[in-house]
Amino acid sequence: MPYGTAGQHAEQSTGLDALVSLTKMCHNLVEAAVLRFKLLTTVLLVCKGTIDLTQEAFSQIADPSAGKIRVEYTRSAIAAYTVTDTISPKQSLNDNETLVSANEIFELGFFSPSNSKNRYLGIWYKQAPHRVVWVANRDNPITDSYGVLTISNIGKLVILNQTGSAVWSSNISSMPKNPCLQLLNSGNLVLRDNASTSYYVWQSFDYPSDTLLPGMKLSWNIESGQERYITAWNAPDDPSIGNCTHKIDKKELPQLVLVMGLAKKLRTGVWDGVQFSGSPLSYQVLRPFIEFDGHEWSYRFERNSNEFLGTVITVTQSASVQILVLNYGSSEWTLLYSLPLGPCGSYGHCGANGICRISKNPMCECLEGFIPKSSEEWKDLNSTGGCIRRFPLECHRGDWFMRLVAVKLPDLLEIWLNRSLTLEECKVECLRNCSCKAYSNSDVRNGGSGCVMWFGDLIDMTDFKQADSNLDIYIRQAATEPKAMNKSKRKKGKVTILIIAIIFGMSILSLTFGCIIWKRKTKRREGLENKKEDIDLPIFDFATIAAATNNFSNASMLGEGGFGPVYKVETLLFWSNRKGSFSTGEEIAVKRLSKNSRQGNQEFKNEKFPADRPAMASVVFMLANDGAKLPWPKQPAFFIERSSLDVNSMSANEEQYTKNSMSIASFEGR
């Protein structure tokens, strides 16, 4: 081949290679632009929630030869800004990722308790992440930060550690065809089959931790014995299962109990159809529900208002049940109630056959008809030994029942229940059974229905009148026990008697003071009158009067009237301020008040005013004329009364005279 020809061919070959390279470069640039556009479109769609971002989507968008590192970097940036509440079977949730409910209230992810490096999968309120309300792997923590939550090939939820080993998995009864995991707005994590959105293959609400959320249930299946309950953490930095449990008591009547190990620490009292008979809680924040479907008893609560963002019931390691609320805009929970409330809230505080009264000091008392089992212990304020009967029961020999109103009914240790009996029929049944110690309605709705009877000791009773309890209980009393009103009625009777006595005493006291005041006013008025009337009266001392009447001798006595004896005095010595005396030479009469006389000062004063008495001429006229009518005297102490003597019936030796009655007054010296 000629040199020139060969050189030309070489030049043509070089130009063609350059053109091919340029074409490939342009193609790569176009491909990169398309890739960037697709990635940007994906970001926008994911942020709007239109599609789920999966590894498959990236493998379809990104060609490994077209910038794999750039694609992976873009994927992590997208994940950082993605908010989702769902995981599909081909997706997983890594340690640094979370699911958020659609209302953005609840969040699911991995966490470590304070002072711990262990990792757990949990749910919390997004606004307050430091309080976890549900934990999946409570007893199996992950010791590193490489945990992954995913859906297995058979549709189970699985938490894997760094080595790919399962540290926790969910229990499912059937394999879903197209499983999907979603965090609901209620805080419930559900695994469901997309083919049936209303059916949950598995849900976290069936496996509570230490917290009860609104809508979450505590339950007891009477047929299978299966229970749902909340259990305290073992420690503040250890969410493993502790020994304090809050659950439904497995009895014929529903009630909630707090148990530490095997010992009861708290009891709400039986459900009376409206509320728990011994719960002091106010239901302004939450509303409780007890339901029975023929197989299972369940308890749940709902928020009574939207005043708070969150309301939860939780159990603590210190054997208490707390009700917490979370305010809008706050990351701190507020304690609303902590049970038990005081000594009366603790189970069996007053022992068998005792009752705890919050308003009393000491709080514990024996029931009516019972006395302390150990008086010494009760004196030391130790009432756990309880009470025993004062008199033994005598079956069918006049036993009777004492009514206790508004109390927490005794624990359901030994009971008999019949929901169809009335209260009166319940009483008859209890009287027939010599072992029956008390009875009550089991439901307060519609005026009361059902019959529950207690056998054995009555334990954990509390006076909850302040909480407006609706149930009453009737306690059996021995025939020899005084059949009287119960203590509350007797106290009311005593109070009534005391009030009547006080009113009566106050009335008597007021009347006495009134009489005293009236007498004082009367004496004051009389004193004023005496001062006005006695201005010109001479004053004589008793010695002068006694000397003038010869010491009140009978020789000086003229007679005796209603006022007392009357003495004649010819010469009266007047006592003066200076020593000595003088005589007036007048004859006067002196009246001395008799001890037996009913007359006094007023009658004596009447003697001072002659114009108020009948004149002598009038008296003579009256004696001479039987039919004469005289004017009535002005003073009430004098009155007209004349006695005519039959002259023919008198003997010759008798002196003839007429006898006139008049009232006279005088002062007796002291």
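Heavy-atom basis, side chains included; hydrogens, waters and symmetry copies ignored. These numbers were taken from a predicted model, which means no experiment stands behind them.
- Scanning all heavy atoms of the two residues, the minimum distance from K217 to S298 falls at CD-CB, 4.0 Å.
- Counting all heavy atoms, side chain and backbone alike, L253 lies closest to L412 at O-CD1, 3.4 Å.
- Here D460 does not pair with K264 in a salt bridge; the nearest charged N to carboxylate O distance is not below 4.0 Å.
- By the ring pair (Phe, Tyr, Trp, His ring centres under 6.0 Å) test, F401 is found to be paired with Y439, residues two or more places apart in sequence or in another chain being considered.
- No side-chain donor-acceptor contact under 3.5 Å links D399 to the backbone of A478.
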Go through the steps to decide whether W333 and Y125 satisfy the test ring-ring contact (aromatic ring centres under 6.0 Å, His included), and finish with yes or no.
-> CA-CA 11 Å; W333 288 85; Y125 278 80; 5.2 Å; yes
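- Checking E107 against T98 by side-chain atom types alone, a donor-acceptor pair falls below 3.5 Å.
- Without hydrogens or angle criteria, S440 side chain to V452 main chain gives no donor-acceptor distance under 3.5 Å.
- In the displayed structure, E425 atom CD is contacted under 6.0 Å by more than 12 heavy atoms of other residues, nucleotides or ligands.
- One finds a salt bridge joining E291 and R300 here, because a Lys/Arg side-chain nitrogen approaches an Asp/Glu carboxylate oxygen to under 4.0 Å.
- Between the side chains of D237 and N115, no donor-acceptor pair of N or O atoms lies under 3.5 Å.
- The two atoms that bring Y229 and H246 nearest to each other are CB-O, 3.4 Å, heavy atoms only.
- If you take CD on E302 and OG1 on T311, they are separated by 10.5 Å, rounding to the nearest 0.5 Å.
- For K251, the NZ atom sits in a packed shell: over 12 heavy atoms of surrounding residues, nucleotides or ligands are nearer than 6.0 Å.
- Figure legend: R119 and F110 shown without cation-pi pairing, the cationic atom not lying both under 6.0 angstrom from the six-membered ring centre and within 45 degrees of its axis.
- Listed for the D85 side chain is no donor-acceptor partner under 3.5 Å among the backbone atoms of L184.
- With no hydrogens or angles considered, no side-chain donor-acceptor pair links S186 and N188 at under 3.5 Å.
- The pair E227-K250 meets the salt-bridge criterion, since a charged nitrogen lies less than 4.0 angstrom from a carboxylate oxygen.
- Taking a cutoff of 4.0 Å between a charged side-chain nitrogen and a carboxylate oxygen, R445 and D443 qualify as a salt bridge.
- Looking only at distances, no side-chain donor or acceptor of S116 sits under 3.5 Å from a matching main-chain atom of S112.
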